[in-house]
Amino acid sequence: EETNNDILQTLCSKARLVDASRLIDVMARRNQIPHFPSCTNLIRGLIRMDRIDKAAKVLKVMVMSGGVPDIITYNMVIGGLCKKALLRSAIDLLEEMSLSGCPPDVITYNTIIRCMFDNGNFDQAVGFWKDQLRKGCPPYLITYTVLIELVCRHCGILRAIEVLEDMAIEGCYPDIITYNSLVNFSCKLGKYEDAALVVYNLLSRGMEPNAITYNTLLHSLCSRGYWDEIDEIFTIMKETSHTPTVVTFNILINGLCKYGLLDRAINFYNEMVSQNCLPDIVTYNTLLGALSKEGMIDEALQVLHILSGTSCSPGLITYNTVIDGLAKKGLMEKAKEVYGQMIENGIIPD
RNA sequence: AGUUGCCUGUCUCC
């Protein structure tokens with residue numbers, strides 16, 4: 001046991017986390033008790049590597065061995081399970097928490113509610129939330145922010161705004177994120193009158209739209225090609241303290257590309273560079289997709305080549321984008337070549 | 001300290 005724990009610590013410190021998790025399995029089978037702090041570090045590391053399955057297993061061994069993981073580690077594992085849509089496992093773990101001496105907190109509940117919501121299990125999410133209220137949990141802003149979209153979806157924007165007002169009466173003040181969620185939802189439905197109503201409401205509460213509010217509007221307007229309105233908002237952003245961000249430019253570039261207006265998209269690219277707003281990998285992925293679609297294959301390959309070895313190196317989506325573009329033009333040889341580059345650069349295909 | 005809520009990019013489905 002002692003020897004194994006020494007090995008465990010060595011593996012953890014050498015970042016050989018999968019090996020370490022196998023060792024934990026072996027130790028568990030031999031009824032050996034793993035060193036708990038190492039377990040915690042291992043769990044967190046495995047989550048960072050997206051190996052939730054392993055992390056959950058180590059957590060289980062730790063608990064069975066009498067260890068009590070801290071709330072943050074638990075929440076991270078539950079969050080990881082939720083991201084993988086393993087809601088059932090997340091709920092099982094939630095139930096084990098209290099038994100293991102580490103009762104769940106708001107963050108645990110919010111994580112689970114969010115997961116139910118994302119999976120379309122709306123009734124389950126609301127039921128779960130009501131259970132919490134019944135148990136005496138005070139209303140939490142983040143929970144409301146997740147659920148307010150449901151009110152909007154089922155009862156309309158006016159009711160949603162009423163709920164926000166009720167929240168404030170209960171001392172739970174909606175913030176800009178809460179309002180942005182509603183702006184986003186309204187925009188997705190193309191209900192710009194509703195979005196405007198939300199903006200008026202946040203203004204009347206002494207808040208201001210932020211860059212994300214504007215970006216949300218821009219994204220929706222872009223998908224519908226409302227260029228005049230887009231121009232107007234972009235101008236407002238430049239005049240206020242909510243300067244366009246890299247996301248703003250990415251939205252505009254993407255919108256123009258989708259409409260085949262690559263030249264105008266490139267103008268925005270130049271504008272962002274000249275304003276010291278650094279393009280990121282999303283910017284390049286967007287442009288690469290457009291170049292490929294327009295048949296500007298050499299240009300695309302050139303950009304790809306330039307990107308390799310910069311701080312903004314091509315990722316999985318970059319390669320997928322270019323390979324897909326080449327394949328759709330029937331250029332299978334070139335596609336395979338790029339695939340080879342991808343492997344060489346250590347990117348694992350999906 | 002580190003874990004939960006708002007905006008952008010590829011493919012598939014629509």
Side-chain angles (χ1 to χ4, degrees), chain A residues 40-41 43-45 47-48 55 69-83 90 102 104-115 117-118 140-149 172 174-188 195 198 202 209-223 233 237 242 244-258 265 268 272 279-290 292-293 300 312 314-328 338 342 347 349-350:
Chain A
T40 305
N41 285 328
I43 292 166
R44 294 169 179 215
I47 292 171
R48 252 176 267 122
D70 61 275
I71 183 74
I72 293 182
T73 304
Y74 258 121
N75 285 342
M76 287 172 72
V77 174
I78 289 188
L81 291 168
C82 285
K83 261 193 218 116
C102 177
D105 65 3
V106 221
I107 295 187
T108 324
Y109 291 121
N110 284 337
T111 306
I112 300 250
I113 287 176
R114 176 55 193 250
C115 181
F117 186 90
D118 285 343
Y140 291 103
L141 179 57
I142 294 183
T143 319
Y144 272 111
T145 301
V146 173
L147 294 176
I148 193 70
E149 187 185 309
C172 185
D175 62 12
I176 188 65
I177 297 183
T178 315
Y179 284 104
N180 282 343
S181 299
L182 287 178
V183 172
N184 190 33
F185 183 71
S186 303
C187 281
K188 271 192 198 139
V198 177
L202 73 89
N210 63 13
I212 294 187
T213 321
Y214 292 119
N215 288 343
T216 303
L217 293 166
L218 285 173
H219 180 233
S220 178
L221 294 167
C222 272
S223 67
I233 292 180
M237 288 182 83
H242 305 290
T245 65
V246 58
V247 175
T248 313
F249 282 106
N250 288 343
I251 287 167
L252 297 172
I253 290 171
N254 182 49
L256 290 164
C257 286
K258 287 278 139 66
F268 274 113
M272 79 191 283
D280 63 10
I281 191 61
V282 175
T283 320
Y284 290 110
N285 290 343
T286 306
L287 288 170
L288 282 168
S292 312
K293 211 177 354 159
C312 188
L316 178 63
I317 295 184
T318 317
Y319 286 109
N320 282 346
T321 304
V322 176
I323 290 172
D324 178 63
L326 291 169
K328 282 196 173 131
V338 174
M342 165 174 164
I347 308 283
D350 62 1

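Each chain gets a letter, A, B and so on, in the order the sequences are listed, and its residues count up from 1.
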| request: Enter the distance from Leu141(A):CG to Thr178(A):OG1 here, rounded to the nearest 0.5 Å. | output: 4.5 Å
| field | Flag for Thr286(A)-Thr283(A): side-chain donor and acceptor within less than 3.5 Å | value | no
Pull out every protein N or O sitting under 3.5 Å from an N or O of nucleotides 3-5 of chain B, one pair per line with the distance.
residue, atom, partner, partner atom, Å
U3(B), O2, Asn75(A), ND2, 2.7
U4(B), O4', Thr111(A), OG1, 3.4
U4(B), O2, Asn110(A), ND2, 2.7
G5(B), O3', Arg114(A), NH1, 2.6
G5(B), N1, Asp175(A), OD2, 3.0
G5(B), N2, Thr145(A), OG1, 3.0
G5(B), N2, Asp175(A), OD1, 2.8
G5(B), N2, Asp175(A), OD2, 3.2
G5(B), N2, Thr178(A), OG1, 3.3

| query | What string of B, S and - do you get for nucleotides 7-14 of chain B, 5' to 3', when a contact is any protein heavy atom under 4.0 Å? | reply | BBBBSS--
| query | Which pair of heavy atoms, one from Ser292(A) and one from Leu288(A), lies closest together, and at what distance? | reply | OG-O, 2.7 Å
| request: Quick one: do Ile281(A) and Ile317(A) satisfy side-chain contact (heavy atoms from CB on, under 4.5 Å)? Show the steps, please. | output: CA-CA 9 Å; Ile281(A) 191 61; Ile317(A) 295 184; over 6 Å; no
| said: So if I apply the side-chain hydrogen bond (donor to acceptor under 3.5 Å, both in side chains) rule between Asn180(A) and each of Asn215(A), Asn210(A), Thr216(A), Asp175(A), which one comes out positive? | reply: Asn210(A)
| query | Which heavy atom in Asp280(A) sits nearest to a heavy atom in Cys312(A), and how many Å separate them? | reply | C-SG, 3.6 Å
| message | Please give me the minimum heavy-atom distance between Val106(A) and Tyr140(A), naming the atom from each residue. | response | CG1-CD1, 2.9 Å
